[in-house]
Engineer: 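Below is a structure I'd like to ask you about.
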Amino acid sequence: MTTATRDRPAPTGDTASPLRATVRSTGGRCAALFLTATASTGLGLALPLALGRALDLLLAHPGNSGALRWVLWCAALVLLLAVLDAVETVLSATTTARATASLRHRLTGHLLAVGPRAGERFGSGELVARLVGNAAQAGTAPASLAALLAGIAGPVGAVVALGLLDWWLAAVFLAGAPLLALLLRSFTQDSARCVADYQEAQGRIARGLAEAIGGARTIAACATADREAARILRPLPELTRAGHRMWHVQGRAAARAVALAPLLQLGVVAVAGVLLVHGRLTVGEMLAASRYAVLAAGVGVLVGQLSGLVRARASAQRLGEVLAEPATPYGSRRLPPGRGRLELRQVTARRGGRTLLDGVDLVVPEGGTLAVVGRSGAGKSLLAALAARLADPDEGTVLLDGVPLPELNHDELRHAIGCAFERPALLGDTVADTIGFGVRPAPPDRIRAGAVAARADAFVRRLPDGYATPCRAAPLSGGERQRLGLARVLARDSRLLVLDDALSSLDTVTEHQIVDALLHHSSGGTRVVVAHRVSTAARADTVAWLDGGRVRAVGTHARLWREKGYREVFADAGG
């Protein structure tokens, strides 16, 4: 890895647990939800006792006003339970929405901080699936946790209530409690494995779909839609199996609960009946005991709440994998005076276990133009990415005007280096926003000057609203998109311009004009151009010929043209 700032360790990623973070970010609402759910549970525990008391008074004194008061108390409890249930529903929905928004905001910011490396590792489709689907599922964690804690309070409170009625009732129930605990533990473990498999298969489908959408024109031209659909849906059987296993685990837990819970309830009711015969319980207390037995054995409710929390936890773990990816480190240094001298010292870069650049040494003098040429796979785009610090080498150092790139302040680095790509992203609401897009937005006069230099001004003026035309409403060809990307670079005074195949969609005349504009750019900075055409390489001051991840030769185009292998590079590229 390239040396980081000496007095500042490189960040290792946003490692705070997403599950804990969501609970913290919604702390107030989560606490309110827990208190509401707990209050609802408490009232639910008080209701059987009130009903039992009212029944005893009605049986003993049918016309007693005291019995009527207890009936009214029961009605009030039922009304309060309904109100609390409504409040709990609203709090749960808003807590989940806020937690999901917080997760998505955090994940989006981290992905942008990581940079292109995140897409290379996970794939754009899977990142979207995690950002949309998994974040929404993980966002239910605070509400699920609050509901689960309050749900546990129900059975615990019911057992305590049974003990207050008569200790024999609690003892009978507690005799079977270990079996309930084992049931819940087994369900949690099995469900977690199934959910993880299910979400993994979902992610692979999303990744394949994103790839297919990106290549939709190629798929249509080759008439391979059916084959691509089969490829995208290849993980579907795994998804189905994981889904079936999830239902099987939940069904098995429910079946065991259905078998065990009634036995415990029957045991409590039977003992309560004996105690009633012996005068240790009243009829109303027996009614309350039967209700508390149902509440104490409420495993079905806990299974549902645990299931939601397990899914949220599995989703949070998938988000955690993304958040653990190290963010790109930046230093605090600023550039000294200079015009963009670029140096690569013993740079080695690996991707997917392959060494694409091996011990590259290269110097581009300030103000010079370097054309990088080579066969497909020679490492040209990777070298351009390293020069622009869109990637870091595994070994060696890249310097700009004598300063290692990782030691530079973020804004300083991004202002000093301008990039243009083969397929530029048109970011911003309007065409003007797209050209002016950057850490320091370009002023209107520079936007117009950049468009003129990139030979984009003429077609932009023909758009419905000129420079104010929304990008989504601008029908642009591939060459016009490239010219907007070039205009973005030419609209600012950067010390180093890096063009990665940014001229490939242009006709020869337009390319010649734009290269001329680059050579006479107002910044007078250094230019690194990944070249596929002879004409581009011929106009550069120096050419770096990459072959097999190494710099085979550096020199003028005229000198290198004497080499047969060099000429074959352009023959292979059709240049």
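All values reported here derive from a predicted model rather than from experimental measurement.
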Engineer: Is Lys380 reaching over with its side chain to a backbone N or O of Val530, donor-acceptor style, under 3.5 angstrom?
Structural biologist: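 Between the backbone of Val530 and the side chain of Lys380 there is no qualifying donor-acceptor contact (under 3.5 Å).
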
Engineer: Do the side chain of Thr328 and the main chain of Val114 share a donor and acceptor less than 3.5 angstrom apart?
Structural biologist: yes

Engineer: Hey, does the side chain of Ser477 reach the backbone of Glu480 with a donor-acceptor pair shorter than 3.5 angstrom?
Structural biologist: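 It does hold such a pair.
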
Engineer: Tell me, please, which residues at least two apart from Ser315 pass side-chain hydrogen bond (donor to acceptor under 3.5 Å, both in side chains).
Structural biologist: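 Scan of Ser315 (side-chain hydrogen bond (donor to acceptor under 3.5 Å, both in side chains), adjacent residues dropped) gives Gln199.
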
Engineer: Only one of Arg552, Arg350, Arg550 forms a salt bridge (charged side-chain N to carboxylate O under 4.0 Å, His left out) with Asp358, so which one is it?
Structural biologist: Arg550

Engineer: Can you name the nearest heavy-atom pair linking Pro142 to Ala99, along with the distance?
Structural biologist: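 So the minimum-distance heavy-atom pair works out to CG-CB, 3.9 Å.
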
Engineer: Glu422: which residues meet the side-chain hydrogen bond (donor to acceptor under 3.5 Å, both in side chains) condition with it, sequence neighbours left out?
Structural biologist: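 Here no residue qualifies.
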
Engineer: Go through the side-chain N and O atoms of Asp457 and Tyr467 and say whether any donor and acceptor fall under 3.5 Å apart.
Structural biologist: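 Tyr467 and Asp457 do have a side-chain donor-acceptor pair below 3.5 Å.
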
Engineer: Under 6.0 Å from the ring centre and within 45 degrees of the ring axis: does the NZ or CZ of Arg241 meet both conditions for the six-membered ring of Tyr198?
Structural biologist: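 Not flagged: Arg241 not positioned over aromatic ring of Tyr198.
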
Engineer: In chain order, what residues pass the salt bridge (Lys or Arg N to Asp or Glu O under 4.0 Å) check against Arg234, with sequence neighbours excluded?
Structural biologist: none

Engineer: So, for Asp541 and Gly368, which heavy atoms are closest and what is the spacing to 0.1 Å?
Structural biologist: OD2-CA, 3.4 Å

Engineer: Please enumerate all residues that pass side-chain hydrogen bond (donor to acceptor under 3.5 Å, both in side chains) together with Arg481, with sequence neighbours excluded.
Structural biologist: none

Engineer: Rounded to the nearest 0.5 Å, how far apart are CG of Leu319 and CG of Leu323?
Structural biologist: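 Those atoms lie 6.5 Å apart.
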
Engineer: Report the distance from atom CD1 of Ile514 to atom CG of Leu490, rounding to the nearest 0.5 Å.
Structural biologist: 8.0 Å

Engineer: Please check if the side chain of Arg341 supplies one atom and the backbone of Gly338 the other of a donor-acceptor pair under 3.5 Å.
Structural biologist: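 No: the side chain of Arg341 does not pair with the backbone of Gly338.
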
Engineer: Work out which heavy atom in Val398 is nearest to a heavy atom in Pro393; give both atom names and the distance.
Structural biologist: CG2-CG, 4.4 Å

Engineer: Which residues satisfy the side chain to side chain contact (heavy atoms under 4.5 Å, CB included) test with Arg313, sequence neighbours excluded?
Structural biologist: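 Only Leu19, Gln317 meet the side chain to side chain contact (heavy atoms under 4.5 Å, CB included) criterion with Arg313.
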
Engineer: Within the distance-only criterion (no hydrogens, no angle test), does the side chain of Arg492 pair as donor or acceptor with the backbone N or O of Gly436 below 3.5 angstrom?
Structural biologist: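 Checked: pair present.
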
Engineer: Got a sec, which residues hit side chain to side chain contact (heavy atoms under 4.5 Å, CB included) with Thr140, two or more places apart in sequence or on another chain?
Structural biologist: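 If we apply the side chain to side chain contact (heavy atoms under 4.5 Å, CB included) test to Thr140, skipping adjacent residues, the hits are Thr96, Gln137, Ser144, Ala312.
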
Engineer: List in chain and number order the residues that pass salt bridge (Lys or Arg N to Asp or Glu O under 4.0 Å) with Arg423, two or more places apart in sequence or in another chain; answer none if no residue qualifies.
Structural biologist: none

Engineer: Kindly compute the distance separating CG (Leu496) from CZ (Arg527), expressed to the nearest 0.5 Å.
Structural biologist: 10.0 Å

Engineer: More than 12 foreign heavy atoms under 6.0 Å from CG of Asp226: is that the case here?
Structural biologist: no

Engineer: Among all residues two or more places apart in sequence or in another chain, which pass the salt bridge (Lys or Arg N to Asp or Glu O under 4.0 Å) test with Glu412?
Structural biologist: Arg334

Engineer: Ignoring hydrogens and angles, tell me if any N or O in the side chain of His110 forms a donor-acceptor pair with the backbone of Pro326 under 3.5 Å.
Structural biologist: no

Engineer: Output every pair passing side-chain hydrogen bond (donor to acceptor under 3.5 Å, both in side chains) with a member in residues 553-564, not counting sequence neighbours, ordered by first then second residue.
Structural biologist: His557-Tyr566

Engineer: Closer than 4.0 angstrom, basic N to acidic O: yes or no for Asp493 and Arg446?
Structural biologist: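 A salt bridge is present here (some side-chain N lies under 4.0 Å from a carboxylate O).
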
Engineer: So, Thr434 side chain and Leu427 main chain: donor-acceptor pair closer than 3.5 Å or not?
Structural biologist: yes

Engineer: Would you say Arg227 has more than 12 foreign heavy atoms packed within less than 6.0 Å of its CZ?
Structural biologist: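 Atom CZ in Arg227 is not packed in, count stays at 12 or less.
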
Engineer: Using modelled atom types only, decide if a donor and an acceptor are shared between the side chain of Thr469 and the backbone of Gly466 within a distance under 3.5 Å.
Structural biologist: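 Side chain of Thr469 to backbone of Gly466: a pair is present.
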
Engineer: Applying side-chain hydrogen bond (donor to acceptor under 3.5 Å, both in side chains), name anything that partners Glu200, two or more places apart in sequence or on another chain.
Structural biologist: Arg318

Engineer: Is a salt bridge present between Asp392 and Arg389, judged by a nitrogen-to-oxygen distance below 4.0 Å?
Structural biologist: yes

Engineer: Can we say Asp361 and Arg345 salt-bridge, meaning some charged N sits less than 4.0 Å from an Asp/Glu carboxylate O?
Structural biologist: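 The answer is no: the pair does not qualify as a salt bridge.
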
Engineer: Measuring from atom OH of Tyr330 to atom CG of Asp411, what distance do you get when rounded to the nearest 0.5 angstrom?
Structural biologist: 9.5 Å

Engineer: Could you check whether any side-chain heavy atom of Leu382 comes within less than 4.5 Å of a side-chain heavy atom of Arg351, counting everything from C-beta outward?
Structural biologist: yes

Engineer: Of all heavy-atom pairs between Ala138 and Leu103, which one has the smallest distance, and what is that distance?
Structural biologist: CB-CD1, 3.6 Å

Engineer: Identify, with sequence neighbours excluded, every residue that meets salt bridge (Lys or Arg N to Asp or Glu O under 4.0 Å) alongside Arg104.
Structural biologist: none

Engineer: Which atom pair, heavy atoms only, marks the closest approach of Gly565 to Trp545?
Structural biologist: C-CZ2, 3.4 Å

Engineer: Roughly how far apart are Leu342 CG and Leu399 CG, rounded to 0.5 Å?
Structural biologist: 8.5 Å

Engineer: Test of understanding: with side chain to side chain contact (heavy atoms under 4.5 Å, CB included), list the residues that count as partners of Arg207, not counting sequence neighbours.
Structural biologist: Glu126, Arg204, Glu211

Engineer: Nearest 0.5 Å, what's the CG-OG1 distance between Asn134 and Thr100?
Structural biologist: 11.5 Å

Engineer: Please check if the side chain of Thr348 supplies one atom and the backbone of Gly359 the other of a donor-acceptor pair under 3.5 Å.
Structural biologist: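 Judged by distance alone, yes, a pair lies under 3.5 Å.
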
Engineer: Please tell me whether Ser381 and Asp500 have a donor and an acceptor in their side chains that are separated by less than 3.5 angstrom.
Structural biologist: yes

